[in-house]
Amino acid sequence: MKFNTVIPKGLKRHYLMELEQYRAYLQKNDLPMAWHHLERSHVLGQSYPLEHTYSHWLMLKFGFRQKNLKEVFGQLLRLFVGGWKSFIDHVPIGNTGGSNVPPLRRMKLPVELEEILRQYETR
């Protein structure tokens, strides 16, 4: 069994760039684009416990900001189980992490994210 503890340095750079984009769009109050980049950060970081949990933490805060109870409750559930599933490398690749998709559903990766993940062998 493979245990994931630390995200590869190069992959972390891509993950952090998505979070920077999330924050930039959030400051501009462009909430759909902010969410889009938050989902992308989730996809890139979901195989690593700290990054995966942090993406869900930000999604929880986003849900509160939107007063979206479905998102808040969905993120609370994901916060309780997401990190340990990352640790044992048992995540649904491509899942965007929002409460609008089932937590265990695999999803097709955008081409550019697939290339990034392939480069760092996280799949």
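Computed from heavy atoms alone, side chains included, the values below leave out hydrogens, waters and symmetry copies.
Annotation for P8 and Y120: closest pair CB-CD2, 4.1 Å, computed over non-hydrogen atoms. Nearest heavy-atom pair, L58 versus R23, reported as atom, atom and distance to 0.1 Å: CD1-NH2, 4.4 Å. Nearest heavy atom pair, residue L11 against residue Y48, reads CD2-CE1, 3.8 Å. Of all the heavy atoms in A34 and Y25, the pair that sits closest is N-CB, 3.6 Å. Closest of all the heavy-atom pairs between N95 and P103 is ND2-O, 3.5 Å. The minimum heavy-atom distance between W57 and L79, with the atom names listed, is N-CD2, 3.7 Å.
Distance check: Q119 CD to H14 NE2 gives 5.5 Å after rounding to the nearest 0.5 Å. If you take OH on Y15 and NZ on K12, they are separated by 8.0 Å, rounding to the nearest 0.5 Å. How far CD1 of I93 is from CG of L113: 11.5 Å, rounded to the nearest 0.5 Å. Here L109 contributes atom CG and E115 contributes atom CD; the two are 11.0 Å apart, rounded to the nearest 0.5 Å. The OH atom of Y22 lies 14.5 Å from the CG atom of L16; values are rounded to the nearest 0.5 Å. Atom OG1 of residue T96 and atom CD of residue Q46 lie 9.0 Å apart, to the nearest 0.5 angstrom.
The backbone N or O of G74 sits less than 3.5 Å from a side-chain atom of R78, completing a donor-acceptor pair.
A continuous path of ILVMFWY side-chain contacts below 4.5 Å connects L76 to Y54, so both sit in one hydrophobic cluster. Using a 4.5 Å cut-off between side-chain heavy atoms of Ile, Leu, Val, Met, Phe, Trp and Tyr, with links allowed through other members, L104 and M107 fall into different hydrophobic clusters. Transitive grouping of hydrophobic side chains (ILVMFWY, heavy atoms separated by less than 4.5 Å) keeps L50 and L117 in distinct clusters.
L26 has its side chain out of reach of L38: every pair of non-hydrogen atoms, C-beta onward, lies at least 4.5 Å apart. Residues R105 and P92 form no side-chain contact, since every pair of their non-hydrogen atoms from C-beta on lies 4.5 Å or further apart.
Here side chain to side chain donor-acceptor pair (under 3.5 Å) pairs that include residues 32-43, with residues two or more places apart or in two chains, are E18-H37, E18-R40, W35-E39, R40-E112, S41-S55, H42-H52, H42-H56.
With sequence neighbours excluded, the residues forming a side chain to side chain donor-acceptor pair (under 3.5 Å) with S99 are E71, listed by chain and number.
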Could you walk me through whether L31 and R65 pass the side chain to side chain contact (heavy atoms under 4.5 Å, CB included) check?
CA-CA 10 Å; L31 302 180; R65 180 184 182 120; 4.1 Å; yes

